[in-house]
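These notes concern the structure reproduced below.
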Amino acid sequence: MHTRAIDGLPRPVSRLGLGCWAIGGRGWGPDEGEAAAAAAIGAALDAGITLFDTAPIYGDGEADRRLRRALGPRIRDVTVATKVGPRGEPPVCDLTPQHLRRDVEASLRRLGVDRLDLVQAHWPCDLGTPLEATVEALTALRDEGKIAAFGLCNYGPVDLADACRRGPVATLQTPLSWIRREYEGELRRVVEAHRLGVLAYEPLARGLLTGKFDRLPRFDAGDVRRNDPRFWAARFARLAPRVERLRRAARALGVPPSALAIAWVASRPTVTTVLFGAKRAEQVQQNVRAFELLDDPRLGRL
Ligand SMILES: NC(=O)c1ccc[n+]([C@@H]2O[C@H](COP(=O)([O-])OP(=O)(O)OC[C@H]3O[C@@H](n4cnc5c(N)ncnc54)[C@H](OP(=O)(O)O)[C@@H]3O)[C@@H](O)[C@H]2O)c1
């Protein structure tokens, strides 16, 4: 089965989802432009992807606009997950009830829909708003029909459990990859206890697990990877043998390393959907080969 249900969401979601951060055209090297973004989204649809993850800060709304134009009327047949909270530059996460409402209204307008499928707090509030007030405000937006369901991103186990006791949290969005597994401890136990849907992000470690970086890459100013220690000499060298192991395993299975990295995350217990980023159709086409490996017992032995 290539889809899974999440309580509260209007329709099942595909087990691979397209993350639209890079599609917003900022933070990931040169903008590949709207045509490339549309081609990437089209390739995802062709492969059976029905979940698209976006956020107001991805290209300052540009990811939403490109997604809306590329999907056209199909936007009502797929699930668009978006986020709320960050504002300003550098962004602070504002989860006050007033700002949540403003963000939701703006996303409804940008995406051109009557109701948002899934709204996620982008990260814990930087302004000290009590979690209770945030959950209450999101529940009110749900009860008004402006959003179908809500979730949290980047929360730790204590706050996640607290939020789940206070209201109908549907999902957690959290990093998980072949080289980043902190999710698989207490956080996973909270997810299991509250039966949350899990959207696992950054499965390619921002491109590292595609195996394309034979030597230490240099990124332009403004590329998020410039400040990522995984792309600094010492950590990059330490990770190299694990990347090589993934590359060899992918060769043995006859798929690109990116597909294996994504399928491995999809195979982890409790993961509903794996969100991978891509800027071009060819990247999507390589990555969706992960569909071939879903539920393959060989993944468990890696
Ligand atoms: N909630 C949160 O706080 C949060 C945080 C991070 C991400 N996310 C979500 O998760 C999604 C995925 O995470 P991510 O985009 O950060 O990281 P990722 O999926 O680990 O890496 C995506 C990047 O890897 C490169 N890539 C992808 N496929 C490739 C291929 N087949 N061959 C070569 N390079 C390839 C592309 O960048 P280049 O071509 O530039 O190398 C692409 O932008 C995001 O788009 C976003 O929706 C959410």
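Positions are given from 1, in the same order as the sequence printed here. Just the heavy atoms: all of them, side chains too, but no hydrogens, waters or symmetry mates, feed the values below. Everything numeric in this text was worked out from a predicted model, so none of it was measured.
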- Task: Check whether any side-chain heavy atom of Asn287 sits under 4.5 Å from a side-chain heavy atom of Leu16, and report yes or no.
- Result: no
- Message: Looking at Glu105 and Lys146, is there a salt bridge between them, counting it only when a charged N and a carboxylate O are closer than 4.0 Å?
- Response: yes
- Item | Leu138 side, atom CG; Ile147 side, atom CD1 - distance, nearest 0.5 Å | 5.5 Å
- Item | Joint hydrophobic cluster, Leu118 plus Ile57, side-chain heavy atoms closer than 4.5 Å | no
- Message: Regarding Arg230 and Glu202, does a basic nitrogen lie under 4.0 Å from an acidic carboxylate oxygen?
- Response: yes
- Query: Within the distance-only criterion (no hydrogens, no angle test), does the side chain of Asp223 pair as donor or acceptor with the backbone N or O of Phe219 below 3.5 angstrom?
  - Reply: no
- Query: Using 4.0 Å as the upper bound for N to carboxylate O, is an ion pair formed by Arg195 and Asp7?
  - Reply: no
- Item | Any donor-acceptor N/O pair, Arg166 side chain to Thr134 backbone, under 3.5 Å | no
- Message: Parallel, tilted or perpendicular, judged at 30° and 60°: which one describes the rings of Tyr58 and Trp21?
- Response: parallel
- Message: Between Glu34 and Arg69 (salt bridge meaning N to carboxylate O under 4.0 Å), is one present in this structure?
- Response: yes
- Query: Can you tell me if Trp178 uses its side chain to pair, donor with acceptor, with the backbone of Arg242 under 3.5 Å?
  - Reply: yes
- Going by atom types only, do Gln285 and Asp46 share a side-chain donor-acceptor pair under 3.5 Å? no
- Checking Arg289 side chain against Gly254 main chain: does a donor-acceptor pair fall under 3.5 Å? yes
- Query: Are Asp64 and Arg68 ion-paired here, with the side-chain N under 4.0 Å from a carboxylate O?
  - Reply: no
- Item | Atom pair SG/CD of Cys153 and Gln120 - distance to nearest 0.5 Å | 4.0 Å
- Message: Assess the residue pair Trp123 and Asp126 against the criterion (side chain to side chain donor-acceptor pair (under 3.5 Å)); give the C-alpha distance rounded to whole Å, side-chain angles, the decisive distance to 0.1 Å, and a yes or no.
- Response: CA-CA 8 Å; Trp123 63 82; Asp126 293 319; 3.0 Å; yes
- Can any side-chain N or O of Thr273 pair as donor or acceptor with the backbone N or O of Leu199 at less than 3.5 Å? no
- Message: Salt bridge check, Glu192 against Arg189: does any charged N sit closer than 4.0 Å to a carboxylate O?
- Response: no
- Query: Is it true that Phe276 and Tyr201 have ring centroids separated by less than 6.0 Å?
  - Reply: no
- Message: Is it the case that the side chain of Asp94 and the backbone of Gly85 share a donor-acceptor pair, with hydrogens and angles ignored and the cut-off at 3.5 Å?
- Response: no
- Please examine the side chains of Ser107 and Pro56, heavy atoms only from C-beta on, and report whether any two atoms are closer than 4.5 Å. yes
- Query: Are Arg26 and Glu62 within salt-bridge range, i.e. N to O under 4.0 Å?
  - Reply: no
- Query: Taking all atoms of both residues into account, what is the closest heavy-atom pair of Lys279 and Ala22, and its distance?
  - Reply: CG-CB, 3.5 Å
- Message: For a quick check under 3.5 Å, do Thr79 and Asp117 share a side-chain donor-acceptor pair by atom type?
- Response: no
- Task: Treat each ILVMFWY residue as a node, draw an edge where side-chain heavy atoms are under 4.5 Å apart, and state whether Trp28 and Leu67 are in one component.
- Result: no
- Apply the side-chain contact (heavy atoms from CB on, under 4.5 Å) test between Glu184 and each candidate in Glu182, Arg188, Arg180; give the one that qualifies. Arg188
- Query: Does CG belonging to Asp159 count more than 12 external heavy atoms closer than 6.0 Å?
  - Reply: yes
- Query: Is there a donor-acceptor pair closer than 3.5 Å between any side-chain N or O of Arg115 and the backbone N or O of Ala148?
  - Reply: no
